[in-house]
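Here the structure comes first, spelled out in structure tokens, and everything after it is commentary.
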Amino acid sequence: MAVVVVTNRIPESGMAKLRAEHEVRAWEHEECISREEALRLVAGADAVLTLLTERVDGEFLDAAGPQLKVVANVAVGYNNIDVAACEARGVIATNTPRVLTETTADTAFGLMLMVTRRFGEGERIIRSQTPWQWGMFYLLGMGLQGKTIGIVGMGQIGIAMARRAKAFGMSIVYADDYDPPAAAVEGLDARKVSLDELFATADVVSLHCPYLPSTHHLVDEARLRSMKRTAYLVNSARGPIVDEEALVAALRAGEIAGAGLDVFEKEPAVHPGLLELENVVLLPHLGSATTETRAAMADLAADNALAVLRGDAPLTPVTKL
Ligand code: GLV
């Protein structure tokens with residue numbers, strides 16, 4: 001029996017899989033574990049399940065000890081994991097792709113609808129009991145039909161967003177260093193363009209790329225200025241891909257029409273400037289937040305950890321070991 005540490009609460013189905021084979025030590029509290037508690041809890045672990053709120057670096061791996069074999073992140077994004085530090089110690093790291101693709105694309109699409117149709121503003125009017133009346137010119141937004149969506153990062157979630165956009169009658173352009181599999185984009189009439197062309201021509205720019213050193217502040221002052229004044233930005237990927245300070249300035253100056261954000265640069269903090277603006281929709285990182293998807297993520301993370309502990313190959317590794 002190995003020792004599996006789970007550093008935050010995860011759905012019971014994943015816990016049951018782990019408990020069936022190993023001794024499990026878990027953080028059982030509602031609030032996130034502190035760094036100190038996490039470093040204490042992981043000591044002696046053979047496998048650790050982490051959330052994106054956990055920084056898995058050399059210090060964390062050393063606190064676990066040399067017997068550690070696998071870190072299974074319960075998230076598709078793994079910018080919280082120092083992959084090189086894992087590889088240097090022979091620790092396999094895994095993530096949870098695919099199982100959250102549709103749910104996250106739903107969130108991005110929801111943000112796009114909310115911001116372009118001003119649903120957030122409308123909701124705030126009703127809730128604040130502000131007097132209102134149906135009007136021909138009241139709270140008009142932008143229709144999506146016939147507009148162009150620019151997808152930055154045509155991976156699984158980007159493609160799922162494109163499918164939704166296609167169903168809504170949008171044209172699709174995308175930018176990516178890689179080419180998506182032909183079968184996955186068949187029928188989408190999606191055109192690959194440069195980032196410059198994408199930002200200059202899209203009516204909605206939606207971010208679906210991973211957060212890497214090369215994508216840090218990919219959306220900066222210059223990129224925002226290159227967008228159409230009528231265009232919207234949607235970010236359901238990672239906060240620091242956008243320079244939040246520059247975004248606030250661009251929104252204030254009317255350089256873009258609005259933004260829908262599920263992620264923030266210094267999460268859970270939100271730039272105070274964003275809170276003052278009506279033309280932004282702000283969600284607390286709900287991308288994969290459905291009961292079904294969170295269970296599937298926990299199951300996949302558990303399966304990854306169990307496979308490595310059995311001596312089998314992990315299902316969805318991010319390390320090259
Ligand atoms: C959520 O943001 C994830 O990366 O799974």
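Just so you know, ligand 1 is whichever comes first in the structure, and atom 1 is the first atom listed for that ligand.
If you look at Thr104 next to ligand 1, there are no close heavy atoms at all, none under 4.0 Å. With a heavy-atom cut-off of 4.0 Å, Thr96 does not touch ligand 1 at all.
Considering backbone and side-chain N/O atoms, Met297 never comes within less than 3.5 Å of an N/O atom of ligand 1.
Of all atoms in ligand 1, listed by their number and element, those nearer than 4.0 Å to a heavy atom of Arg238 are 1 (C), 2 (O), 3 (C), 4 (O). Heavy-atom contacts of Leu100 reach the following atoms of ligand 1: 5 (O) (cutoff under 4.0 Å). Atoms of ligand 1 lying under 4.0 Å from at least one heavy atom of His285, given by number and element, are 1 (C), 2 (O).
Looking only at atom types and distance, the side chain of Asp262 has no donor-acceptor partner in the side chain of Asn235 under 3.5 Å away.
The option from Asp262, Asn80, Val76 that lies nearest to atom 3 (C) of ligand 1, judged by heavy atoms, is Val76.
By the side-chain hydrogen bond (donor to acceptor under 3.5 Å, both in side chains) test, Glu121 pairs with Arg118, sequence neighbours left out.
Of all protein heavy atoms, the one lying nearest to atom 1 (C) of ligand 1 is Leu52 CD2, 3.5 Å.
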- Item | Ile33 and Glu54: CA distance, side-chain angles, deciding distance, side chain to side chain contact (heavy atoms under 4.5 Å, CB included) verdict | CA-CA 8 Å; Ile33 196 169; Glu54 216 67 69; 3.4 Å; yes
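Residue pairs meeting the ring-ring contact (aromatic ring centres under 6.0 Å, His included) criterion with at least one partner in residues 120-153, sequence neighbours excluded, do not occur; the list is empty.
When the side chains of ILVMFWY residues are joined at heavy-atom separations under 4.5 Å, either directly or via intervening members, Val193 and Leu207 end up in a single hydrophobic cluster.
Geometric assessment of Arg164 against the ring of Phe109 yields a negative cation-pi assignment under the 6.0 Å and 45° thresholds.
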